[in-house]
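Scroll down for the structure; my scribbles are underneath it.
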Amino acid sequence: MSSAISRQDILGMVRGRRPGYSLEAPFYTSRDVFELDLEAVFGRHWIFVGSEPEVPEPGDYVTVDLGRWSVIVLRDDDENVRAFHNVCRHRGSRLLAAQSGSTGNLVCPYHSWTYDTGGRLVHAESVGPGFEAGCFSLKPVHLKSISGLLFICLADEPPEDIDEVAAVVEPYLDPHGLRECKVARQIDIVEDGNWKLVMENNRECYHCGGHPELGFSLFPTIGYAEEDIGPSRRAAYDRFKRIDAEMTAIWERGGLPWRQVLRLAGRPTGFLVERTPLDRDGESITADTRVASQRLLGDFTSPRLGRQGLHLQPNSWHHFLSDHVVTFAVLPLEPGRTLLRTTWLVHKDAVEGVDYDPEKLVSVWRTTNAQDAAFVAGAHKGVSNPAYEPGPFSPTESWVEHFCAWYLERLDAHLGGQP
Amino acid sequence: MSSAISRQDILGMVRGRRPGYSLEAPFYTSRDVFELDLEAVFGRHWIFVGSEPEVPEPGDYVTVDLGRWSVIVLRDDDENVRAFHNVCRHRGSRLLAAQSGSTGNLVCPYHSWTYDTGGRLVHAESVGPGFEAGCFSLKPVHLKSISGLLFICLADEPPEDIDEVAAVVEPYLDPHGLRECKVARQIDIVEDGNWKLVMENNRECYHCGGHPELGFSLFPTIGYAEEDIGPSRRAAYDRFKRIDAEMTAIWERGGLPWRQVLRLAGRPTGFLVERTPLDRDGESITADTRVASQRLLGDFTSPRLGRQGLHLQPNSWHHFLSDHVVTFAVLPLEPGRTLLRTTWLVHKDAVEGVDYDPEKLVSVWRTTNAQDAAFVAGAHKGVSNPAYEPGPFSPTESWVEHFCAWYLERLDAHLGGQP
Amino acid sequence: MSSAISRQDILGMVRGRRPGYSLEAPFYTSRDVFELDLEAVFGRHWIFVGSEPEVPEPGDYVTVDLGRWSVIVLRDDDENVRAFHNVCRHRGSRLLAAQSGSTGNLVCPYHSWTYDTGGRLVHAESVGPGFEAGCFSLKPVHLKSISGLLFICLADEPPEDIDEVAAVVEPYLDPHGLRECKVARQIDIVEDGNWKLVMENNRECYHCGGHPELGFSLFPTIGYAEEDIGPSRRAAYDRFKRIDAEMTAIWERGGLPWRQVLRLAGRPTGFLVERTPLDRDGESITADTRVASQRLLGDFTSPRLGRQGLHLQPNSWHHFLSDHVVTFAVLPLEPGRTLLRTTWLVHKDAVEGVDYDPEKLVSVWRTTNAQDAAFVAGAHKGVSNPAYEPGPFSPTESWVEHFCAWYLERLDAHLGGQP
């Protein structure tokens with residue numbers, strides 16, 4: 001739809017950006033920028049792809065498409081989670097076609113080259129003399145688990161700050177015992193907008209008036225400073241202040257860390273972790289703010305623990321609640337098409353229909369995701385219009401500004417040659 | 001499908017064109033030429049987008065997509081018709097998603113920035129100190145009404161010849177009282193061909209043998225000089241000559257202007273206006289050549305007034321009849337896909353089912369449009385073939401030649417820097 | 001999906017290729033290479049498009065799309081088969097829209113310009129004085145019939161080696177009397193992969209384990225040297241050796257040529273012709289290895305004649321059996337989409353439902369084609385992955401290596417300027 005843009009032009013736009021304003025249109029609409037995003041962002045950073053409960057047993061796998069890449073994430077025979085490129089070393093056929101499944105060895109469907117779960121080529125017929133099987137192992141992909149959340153990195157040398165991220169966030173997440181969970185439901189939707197519009201949409205609550213169902217449990221003042229509270233959010237904010245004080249005492253008593261750590265820009269792996277209260281009964285993000293699963297996570301004995309939130313750049317956010325965890329992965333498909341994968345997890349001993357009702361579990365986010373998809377589609381259409389020009393962020397959109405600044409830093413580092 | 005073509009290459013093709021022959025293939029098939037068409041033709045000329053009866057009341061609007069542009073045409077609280085870019089000044093979201101509707105203020109669905117019908121930003125919450133609402137009005141688009149036909153221009157400085165067009169054509173159109181009409185039916189179809197093939201298709205009757213239903217009322221000799229009448233059109237032409245003389249006397253008595261004014265090339269806004277007779281009962285373009293609406297337009301007392309035709313370059317043609325008006329807007333979507341929007345209007349006091357039958361109203365053009373869509377699709381496939389070379393126009397296709405000459409002039413003026 | 005690649009870059013990849021390894025990814029995925037393939041391979045070589053029984057009578061035609069070209073193949077009034085570009089010489093409209101049919105003169109649907117079956121413009125109304133109809137004949141396309149198989153060449157100067165191909169292969173094919181056949185069934189499928197992956201897929205039996213239905217009649221050792229037989233094929237190979245000796249005696253007695261002639265690379269028109277035995281009852285490629293049509297072809301009196309195979313580069317393969325012929329045409333649509341047209345022909349006197357059951361006739365290849373389409377789709381996804389790198393062919397894939405070498409030679413000759 002748009003003309004070719006050179007990398008030099010992109011670098012010029014990166015460095016000429018007006019801070020505090022939305023990005024120039026080509027960052028959202030240009031295929032050249034999209035290809036650069038795949039290379040510089042998705043090809044070089046730690047990308048959230050799922051969680052350990054998606055591959056509970058040896059041989060269990062998921063495949064994840066990232067641009068033209070396809071990556072196998074599987075639990076090997078020693079129960080370690082590993083990642084490989086989903087490409088046979090013979091003539092390149094895709095090895096695993098399904099999005100998830102369970103396998104013994106990995107047998108290529110085309111000519112039956114066979115790899116073990118460690119990626120070693122263990123069988124190939126009629127290959128002739130002198131063939132060195134050891135040269136044709138599956139290509140490995142870096143993988144890291146943080147409290148059970150799985151991240152891959154396609155770069156040869158992944159960003160090292162992931163260890164610091166893990167050190168900071170694991171004390172927040174570990175009490176929820178994600179590794180002892182199971183997948184209750186997973187829903188993919190395709191949003192008609194650039195992946196950055198999907199991320200930006202999630203990084204502010206300035207639009208939360210458009211989410212009545214979510215607003216029943218989540219305070220619509222996330223990301224707001226006190227001085228930016230407008231009349232439409234005043235009552236909710238006063239309630240938030242009161243409940244926040246009450247919940248902080250509960251978290252302190254329970255030994256749960258809660259202080260916000262915001263390190264969104266200035267580093268490869270931007271993140272924000274915090275524990276916040278929920279409105280009304282305050283137990284979970286459900287239609288009635290009460291738990292969806294009676295089997296609480298970890299060693300929790302009380303359902304009223306608020307929301308343990310985690311944002312990670314470039315592509316995910318997560319809510320850890322007393323009764324369930326919900327993860328969101330943003331996977332770019334085209335400049336104007338993005339997959340949003342939402343996964344709800346409950347304790348592995350929770351029994352569907354007895355301990356939890358899957359419909360209650362998913363209803364708020366399924367509805368909210370659909371609302372956000374409409375916002376993202378409208379935003380993408382808007383920035384595609386030649387009449388679009390960047391407009392000013394509200395002070396309440398500071399995390400969007402952080403995201404944009406981080407994104408441009410990453411492009412600058414990639415294009416400018418700095419590490 | 002085709003390789004990149006530079007603007008210099010395009011200018012070379014423009015200036016090297018063989019007059020009297022169809023255009024070189026890239027003018028129809030190249031994405032680069034298509035992007036240039038959007039910029040140089042649709043971005044700089046007066047584009048027909050609808051008529052006043054489509055927005056009868058304050059707050060009524062239509063949205064029109066032109067390439068990546070989207071334009072709001074609405075009637076403001078002072079009953080003036082205005083046009084704005086359909087882009088919020090905050091982060092660019094599309095403001096109005098529907099193709100038509102009615103609104104009070106314009107409220108952006110994303111973050112509720114609110115504009116009045118004059119485009120002024122009248123509300124935005126939490127924008128922080130120092131925010132100047134006056135800097136964030138909706139961006140206006142030039143709009144001009146000619147006897148109720150609405151034209152927009154996306155350029156900063158629109159072509160000035162529109163005033164001359166209005167002065168010439170309004171005496172022909174005004175007696176039909178379009179502003180006192182209402183929309184009876186609107187049908188969009190997508191033709192699988194370049195927008196210029198859609199226009200060229202309409203500019204000649206050399207193919208009218210393929211329109212038996214239309215040929216019942218419309219003489220198939222439109223655009224023919226007497227010496228070019230072939231055997232297949234001889235009888236129709238003789239009938240035309242006889243009826244034309246008879247109708248001219250009627251028009252003269254009624255004070256209706258009828259002489260052809262043809263100013264298709266050599267100017268930004270090419271046009272052709274003329275009143276012509278219809279065959280048989282001669283009242284209207286319907287299956288039986290009699291009026292589809294008993295409530296005649298304007299102050300007409302007799303239904304037998306022939307066809308008041310208007311062609312406008314780049315993108316429309318119109319038939320004003322004694323009982324209804326039908327307008328055609330050509331809106332490019334892709335190099336090989338074009339939207340044709342056909343709108344039938346009757347007197348606003350005509351009652352559906354009593355004064356008019358919508359099925360009778362639309363049947364001839366709905367059928368004819370489908371036939372033309374097949375011709376255009378075949379033409380597009382043909383010019384996409386590497387074996388295609390421009391062929392000679394028939395003398396009966398002189399208006400196609402005018403259109404091509406006008407189009408190339410416009411590109412030349414744009415690329416060559418002449419005004 | 002991939003960046004622009006210059007012709008110089010392509011030539012570099014052609015000359016830098018590692019022999020014995022699969023091709024670099026851009027040969028399969030790049031739009032620039034695809035456009036070059038259309039120009040250098042499909043625009044300059046002899047392309048299989050169908051067989052004479054598809055146009056049995058004067059006026060019968062088929063239209064074939066090759067990239068943006070469309071070609072009419074028809075039998076003229078003198079019963080010769082001819083080919084023309086499917087483009088009207090007036091304004092370029094596609095002349096014949098249907099994939100096949102029967103016509104007298106060829107009348108353009110748009111403005112009725114009319115051509116006889118020899119391509120001469122015999123009627124055009126209102127063309128004005130000085131019009132030279134003789135300058136506007138349909139543009140001819142070179143056509144060659146080999147034993148009834150039809151090949152076109154879009155180049156001005158077609159490769160001359162087609163005559164040598166004909167001289168070699170006609171003695172193998174003629175006994176099957178293809179010209180005395182009729183089409184029993186034709187099935188088009190679109191495979192989600194590059195046309196070369198479709199050809200490569202057909203050029204080796206290393207993947208034949210994925211074809212249980214085909215493997216009932218066809219020995220899975222085609223293309224194998226004795227030293228490359230692995231344990232999975234040992235029993236079949238021993239059976240092949242025994243039956244091959246038996247059949248060779250039969251062919252010799254019947255005067256049927258059978259020795260393999262393999263001239264796949266080093267020339268424009270690569271080909272491989274050979275007669276091979278079939279397994280079990282050995283009569284035909286059917287689910288039970290017995291003939292599908294009781295009316296044998298040519299003068300055959302015994303059904304057990306094995307398979308007369310023919311490969312032709314760039315785009316076809318054929319099996320001539322005692323009771324039917326099956327032809328395969330590979331027609332590129334997009335870098336990652338390819339049409340495979342399979343046609344089953346039986347003796348023209350065979351009566352459907354009496355002499356042959358069309359379902360039995362088509363079942364093996366319809367099933368096998370679907371299996372191959374899955375292999376090709378997986379291969380295309382794999383080579384589209386940035387992690388793909390060319391891998392080593394098995395010795396059993398020597399014909400794939402021949403195909404790749406031939407293909408690169410053809411690009412080199414085209415890009416390097418050698419004939």
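Letters A, B, ... mirror the listed sequences (proteins, then strands); counts begin at 1.
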Item to complete: Just do the side-chain contact (heavy atoms from CB on, under 4.5 Å) check on C:Lys381 and A:Ser70 with the steps written out, would you?
Response: CA-CA 9 Å; C:Lys381 281 184 178 169; A:Ser70 174; over 6 Å; no

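- Smallest separation of non-hydrogen atoms from A:Ser126 and C:Pro395: O-CD, 3.2 Å.
- More than 12 non-hydrogen atoms from other residues, nucleotides or ligands lie less than 6.0 angstrom from CZ of C:Arg233.
- Considering all non-hydrogen atoms of both residues, C:Phe375 and A:Pro109 come closest at CE2-O, 3.1 Å.
- Within a 6.0 Å sphere centred on CD of A:Gln8, heavy atoms belonging to other residues, nucleotides or ligands number 12 at most.
- Between chain A and the options C:Asn201, C:Val383, C:Leu197, heavy-atom pairs under 4.5 Å are most frequent for C:Asn201.
- Rounded to the nearest 0.5 angstrom, C:Tyr388 OH and A:His85 NE2 are separated by 15.0 Å.
- Listed in order of number, the residues of residues 202-213 of chain C that approach chain A to under 4.5 Å between heavy atoms are C:Glu204, C:Tyr206, C:His207.
- With a 6.0 Å radius and a threshold of 12 heavy atoms from other residues, nucleotides or ligands, C:Arg18 has its CZ atom at or below the threshold.
- Highest contact tally toward chain A, considering only C:Pro390, C:Pro386, C:Ala387, is held by C:Pro386 [criterion: heavy-atom pairs under 4.5 Å].
- Ranking A:Phe34, A:Trp69, A:Phe136 against chain C, the residue ahead of the rest is A:Trp69, based on heavy-atom pairs under 4.5 Å.
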Worksheet item: Where do C:Tyr21 and A:Arg91 land on the side-chain contact (heavy atoms from CB on, under 4.5 Å) test, with the steps shown first?
Response: CA-CA 8 Å; C:Tyr21 277 66; A:Arg91 279 163 57 191; over 6 Å; no

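- Between the side chain of C:Ser384 and the main chain of A:Arg68, no donor-acceptor pair closer than 3.5 Å is present.
- Here OG1 of C:Thr396 is found 9.0 Å from CD of A:Glu125. Values are rounded to the nearest 0.5 Å.
- Using a 4.5 Å cut-off between heavy atoms, C:Gln371 makes no contact with chain A at all.
- Identified under the side-chain hydrogen bond (donor to acceptor under 3.5 Å, both in side chains) test for residues 128-142 of chain A, with sequence neighbours left out: A:Lys139-C:Glu389.
- For A:Ser93 (side chain) and C:Gly382 (main-chain N/O), no donor-acceptor pair under 3.5 Å exists by modelled atom type.
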